[in-house]
Amino acid sequence: MFRLIAQRLLLGIVTLWVISLLVFSATQILPGDVAIAILGNESTEEARQALRDRLGLEKPMMERYGNWLAGMVQGDLGLSLATETPVSRIVGLRITNSLILAVVTAVLAVPISVGLGLLSAAYPGSIFDKTLTVGSLLVISLPEFVVGLLLVLLLAVQLRWLPAVVSTPNFSTVDGIIRTLTLPALTLLASVQAHMIRMTRAAVLDVMRRPYIEMALLKGASKRRIILRHALPNALAPIVNVVALNLGYLVSGVVIVEVVFSYPGLGRLMVDAVATRDIPVVQVTGMIFCTAYILLTLAADVAAVFTNPRLRYAK
Amino acid sequence: MSATTATDGGGRTKRARQPMTVFGAIGLTLLAVNILLAVFGSFVAPNAPGSLIGGGAFAPAHDAALLGNDYLGRDLLSRLLHGAKYSLGVATAATLLGFLIGMTVGFSAAEIRGRYDTTVTWVIDILLSFPPILLALLVIAGLGSSLPVLIGTIAFIQCSRVARVSRSVAMGIAALEFVEVARARGESLFSILAREIFPSSMRPLAVEFGLRLSYAVLFMSSLSFLGLGIQPPNADWGSMVRENLPGIYYGAPAAIVPAVLIGLLVVGINLTVDWLSGGSDRHTSEELR
């Protein structure tokens, strides 16, 4: 088992390294003069030269990559091109906001989705089950920004319960937290729920067909007890895996949702940096998001090993 | 030439007609309307997409603008009609390109096997572990946003996923007798991939194509919504949601209408795919989003 996990960890590290290569090269493949591309044609030659010096464009590519990677590892993230402030300071403020949003969404989304999945597995074919399936599929086939917009329209414009824009989060009072997080968290929840609900339902129903469940039924165990005590533990492996994968999906969902609600998190920072071509900020935010994503998919695989005895004793 | 006829006879399974369902009909109608809009939208639009038509920003519907004005006082309906081609056009181009590359890679991996297959699978796994939206953001940060960059980026994101699916589909086909016969006849690799494996994999890959297409529409409009897709003065539906966002506080439909249209387009594609596949095959690729 530990060998399997060690292998997976190694693959994760290799992937991270490849990703650092990709992040670096993707932001360096500008055709022609990078300085002109960033500053525009009207820029002065002095400004261009200053930018070339700042980015170290005169040095060979490999040396630049080496310096960049070394800086990353040591926490020296460079200066933002747009604001001239250290990237680490800008990122530090934003990362907490994004983490709060992601964690709150996860804490809500996982129990709600798994619970709904269990309920619809308990009554397969019922009206509740059908409505849930169609509804969750419909929601997931809309882009996040459309779901967010519809929620704004309903909760902020029509009912006037919540502010439509949360550009200044307030986490000091309970009221503030609710007003800040409800809309973004609901939108994110909408984009991750379907997969988890469906997997929970499918995995539990699959187990429910086994003879030992019939045995439990004949013994006179209640439906609730059969599903929670007999079926769920054996259906846990695929559910845990899908949950971890969807938490990974939160990482990319956060980017769009933060823009919809002007939420000052890492995702909006990255989108703004891409639009203004603030390369150092793009690189740092890109690396943070990719690392988080890799760690979560890694957790999904490790969890799959732990919850599946057959993988645990693989040769 | 006799080889080709033999394949056509044996490789393709007789295609059973799919009975029409309510959802299938809704999906096909939505898709057909969207294709018509994409092809003819620019010609039937009453106004130029950039012209100010009076009435001011977010003016409600009037004679010159049946759906009202947008945030600069331009005709919303005309802009919607002009923008229709981008969402579907870019998505279709990118998906076609992604399938061309992905199928070539996936089929050849299944046919050649050995070290080539191992390498390809490894590269695919690494590419799949990269969140698509971040990949697109990085490329756009590097290259700027233009139609070729958008099509190329989405195609690149698609092709690793397509390669994985077509590899697993082709694995089964490559083991069948008629491919064995073609190999024994000394057919070239290209001929085996294009004439033996491709025709037999059409059915499962058609479903995959539909799913990828709807994903590309979602992705393209999300990028535009972030302001990184179609650039002004042009606008697709995603960018129109973005630019008209402040309008929802004045009760203007300028942001809602394009958002609903995107939703209808995606739902239309998904329903059509569901109908085509008999509601069965979609689970495999859903995990690969």
Side-chain angles (χ1 to χ4, degrees), chain A residues 11-12 14-15 18-19 22-23 25-31 37 137-138 140-147 149-150 152-153 156-157 164 194-195 198-199 202 242 245 248-249 251-253 255-256 259-260 267 270-275 277-279 282-283 285-286 289-290 292-294 297-298, chain B residues 23 122-123 125-145 153 214 217-228 237-238 241-242 245-246 248-251 255-256 258-271 274 282-283 286-287 289:
Chain A
L11 184 70
V14 173
T15 318
V18 173
I19 280 173
L22 274 170
V23 167
S25 52
T27 46
Q28 300 282 325
I29 45 176
L30 281 174
L137 275 182
L138 189 73
I140 206 180
S141 60
L142 298 174
E144 283 98 347
F145 69 91
V146 174
V147 175
L149 188 68
L150 295 178
V152 167
L153 200 62
V157 178
H195 206 179
R198 295 180 74 187
M199 184 49 95
V242 164
L245 280 180
Y249 184 74
V251 170
S252 32
V255 174
I256 290 166
V259 174
V260 174
M270 184 172 181
V271 172
D272 289 347
V274 170
R277 294 210 154 157
D278 193 341
I279 299 297
V282 174
Q283 288 171 334
T285 44
F289 274 125
C290 290
Y293 187 80
I294 300 282
T297 41
L298 197 100
Chain B
F23 284 128
W122 191 71
V123 173
D125 278 345
I126 287 197
L127 287 178
L128 283 178
S129 67
F130 210 96
I133 189 86
L134 291 174
L135 189 81
L137 286 182
L138 288 170
V139 174
I140 292 171
L143 289 175
S145 185
T153 310
S214 89
V217 171
L218 280 184
F219 199 79
M220 175 66 223
S221 48
S222 297
L223 280 181
S224 283
F225 174 77
L226 294 179
L228 305 171
W237 294 344
V241 177
R242 174 195 178 79
L245 210 48
I248 54 173
Y249 312 118
Y250 312 119
I256 314 294
V260 171
L261 284 175
I262 294 168
L264 286 178
L265 171 58
V266 176
V267 169
I269 300 175
N270 285 346
L271 287 178
D274 255 5
R282 56 176 308 160
H283 307 283
E286 219 165 61
E287 288 152 25
R289 65 174 180 183

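Sequence lines set the chain letters: A, B, ... in the order given, protein chains first and strands last, and positions in each chain run from 1. Note that the structure is a prediction, hence the values are computed from the model and not measured.
If you measure heavy-atom distances from A:Val23 to chain B, the contacts under 4.5 Å come from both the backbone and the side chain. Residue contact with chain A, scored on non-hydrogen atoms closer than 4.5 Å, involves the side chain of B:Leu228 exclusively. For A:Ser252, the parts lying near chain B are the backbone and the side chain together; criterion is any non-hydrogen pair under 4.5 Å. In this structure, the portion of A:Ile294 lying under 4.5 Å from any heavy atom of chain B is its side chain and not its backbone. Contacts between A:Leu153 and chain B at a heavy-atom distance below 4.5 Å involve the side chain alone, from C-beta outward. Residue A:Val14 touches chain B through its side chain alone, counting heavy-atom pairs closer than 4.5 Å. Of the two parts of B:Leu138, the backbone and the side chain both hold a non-hydrogen atom closer than 4.5 Å to a non-hydrogen atom of chain A.
Per-residue counts of heavy-atom pairs under 4.5 Å with chain A were compared for B:Val266, B:Leu226, B:Leu264, B:Leu135; the largest is that of B:Leu226. Heavy-atom pairs under 4.5 Å with chain B peak, among A:Val274, A:Val147, A:Leu150, at A:Val274. Among A:Ile19, A:Val282, A:Val251, the residue with the largest count of heavy-atom pairs under 4.5 Å with chain B is A:Ile19.
Residues passing the side chain to side chain donor-acceptor pair (under 3.5 Å) test with A:Thr15, sequence neighbours excluded: none. Every residue two or more places apart in sequence or in another chain was checked for a ring-ring contact (aromatic ring centres under 6.0 Å, His included) with A:Phe289, and none qualifies.
For the pair A:Val260 and B:Phe225, the minimum side-chain heavy-atom distance is below 4.5 Å. In this structure, A:Met270 and B:Leu134 have side chains that are in contact, with non-hydrogen atoms separated by less than 4.5 Å. Side-chain contact between A:Leu149 and B:Leu245 is present, with at least one heavy-atom pair separated by less than 4.5 Å. Here the side chains of B:Val241 and A:Phe145 are in contact, with some heavy-atom distance below 4.5 Å.
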Could you walk me through whether A:Thr285 and B:Leu137 pass the side chain to side chain contact (heavy atoms under 4.5 Å, CB included) test, one step at a time? CA-CA 11 Å; A:Thr285 44; B:Leu137 286 182; over 6 Å; no
